[in-house]
Amino acid sequence: MRKGIYPGSFDPITNGHLDVLARAARLFDELVVAVARDNQKASLFTMEERVAMIEASAKEMGLENVRVTLFSGLLVEFAKEQQACAVVRGLRAISDFEFEFQMALMNRKLDPQVETIFLTPREELTYISSRIVKEIARLGGDISAFVPESVAKALRKKLG
């Protein structure tokens, strides 16, 4: 069984994340979406809220081989615990590549058995980021093209 890990903060999950998730789900028998506990970002949603949003979105998309969980610590250690062969990372722009490439090389140094796979979302989704979506929502803008409706509702409720 080939298992992949798709890690991130997903605060909140966007249509860009979901596009990468769907692509990755086709590559593996099981894809574990790993919501990071130890991220350095100030999160709007709790980890449990993020897990619930991702689970609901994956279910709506019919992705039955996707499992969502929390993780902390080193990603390569988590991948080893999960018996995963690869880590999936999304790349939106050249600016993402430098950081992601550095992380992939470091992870390879820590555990050469875990590969890193880079996937890009569809062109029309490359400009979407959780940070920008939250800012648009905070300012009362329409975010319906950037996140699933359930996530848009959660953002409106959270931001008032």
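The first residue of the sequence shown is numbered 1, and numbering continues consecutively from there.
- Between Pro12 and Lys134 the shortest heavy-atom distance is CD-CG, 3.8 Å.
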Output side-chain donor-acceptor pairs under 3.5 Å for residues 102-120, partner residues at least two apart or in another chain, one line each.
| unit_1 | atom_1 | unit_2 | atom_2 | d |
| --- | --- | --- | --- | --- |
| Asn107 | ND2 | Met103 | O | 3.4 |
| Asp111 | OD1 | Gln113 | N | 2.9 |

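- Residues Ser57 and Val151 come closest through the heavy atom pair OG-CG2, 4.4 Å.
- Exactly one residue among Asn15, Ile13, Ile128 makes a side-chain contact (heavy atoms from CB on, under 4.5 Å) with Val133. That residue is Ile128.
- Applying the salt bridge (charged side-chain N to carboxylate O under 4.0 Å, His left out) test to Lys59 and every residue at least two apart in sequence or in another chain returns nothing.
- Note: Arg37 CZ to Ser9 OG = 14.5 Å, rounded to the nearest 0.5 Å.
- Among all heavy-atom pairs drawn from Ile5 and Ala34, the shortest one is CG2-CB, 3.9 Å.
- Taking SG of Cys85 as the reference point, atom CE of Met1 lies at 11.0 Å (rounded to 0.5 Å).
- Taken together through direct or relayed side-chain contacts under 4.5 Å among Ile, Leu, Val, Met, Phe, Trp and Tyr, Phe146 and Leu91 form parts of separate hydrophobic clusters.
- Judged as a ring-ring contact (aromatic ring centres under 6.0 Å, His included), and not counting sequence neighbours, the contacts of Phe101 are Phe97.
- Proximity of Val87 to Leu75: side-chain heavy atoms (C-beta onward) are separated by under 4.5 Å at one or more points.
- Not counting sequence neighbours, the partners of Asp96 by the side chain to side chain donor-acceptor pair (under 3.5 Å) test are Arg92.
- For Glu55, there are no salt bridge (charged side-chain N to carboxylate O under 4.0 Å, His left out) partners at least two apart in sequence or on another chain.
- The side chain to side chain donor-acceptor pair (under 3.5 Å) search around Ser144 returns Asp142, not counting sequence neighbours.
- Rounded to the nearest 0.5 angstrom, Leu63 CG and Asn65 CG are separated by 6.5 Å.
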Show me the donor-acceptor pairs within less than 3.5 Å that the side chains of residues 18-31 make with the rest of the protein, sequence neighbours left out.
| unit_1 | atom_1 | unit_2 | atom_2 | d |
| --- | --- | --- | --- | --- |
| Asp19 | OD1 | Arg122 | NH1 | 2.9 |
| Asp19 | OD2 | Arg23 | NE | 2.8 |
| Asp19 | OD2 | Arg23 | NH2 | 3.3 |
| Asp19 | OD2 | Arg122 | N | 2.9 |
| Asp29 | OD2 | Arg2 | N | 2.6 |
| Glu30 | OE2 | Arg67 | NE | 2.8 |

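- Leu44 and Leu155 make their closest contact through CD2-CD2, 3.6 Å (heavy atoms, listed as atom of the first residue, atom of the second, distance).
- Among residues two or more places apart in sequence or in another chain, the side chain to side chain donor-acceptor pair (under 3.5 Å) test is passed with Thr14 by His17.
- No more than 12 heavy atoms of other residues, nucleotides or ligands shown are found within 6.0 angstrom of CD1 on Ile94.
- Partners of Phe78 by ring-ring contact (aromatic ring centres under 6.0 Å, His included), not counting sequence neighbours, listed by chain and number: Phe71.
- Taking 4.5 Å as the limit, some side-chain heavy atom of Arg50 sits within range of a side-chain heavy atom of Asp11.
- The shortest non-hydrogen separation linking Val66 to Ala58 is CG1-CB, 4.1 Å.
- Residue pairs satisfying the salt bridge (Lys or Arg N to Asp or Glu O under 4.0 Å) criterion with at least one member in residues 150-160, sequence neighbours excluded, are listed as follows: Glu49-Lys158, Glu149-Arg156.
- Legend: residues meeting ring-ring contact (aromatic ring centres under 6.0 Å, His included) with Tyr6, ordered by chain and number and at least two apart, are Phe10.
- Contacts of Glu48 classified as salt bridge (charged side-chain N to carboxylate O under 4.0 Å, His left out), with partners at least two apart in sequence or in another chain: none.
- With a 4.5 Å cut-off on side-chain heavy atoms, Val51 and Thr69 do not count as touching.
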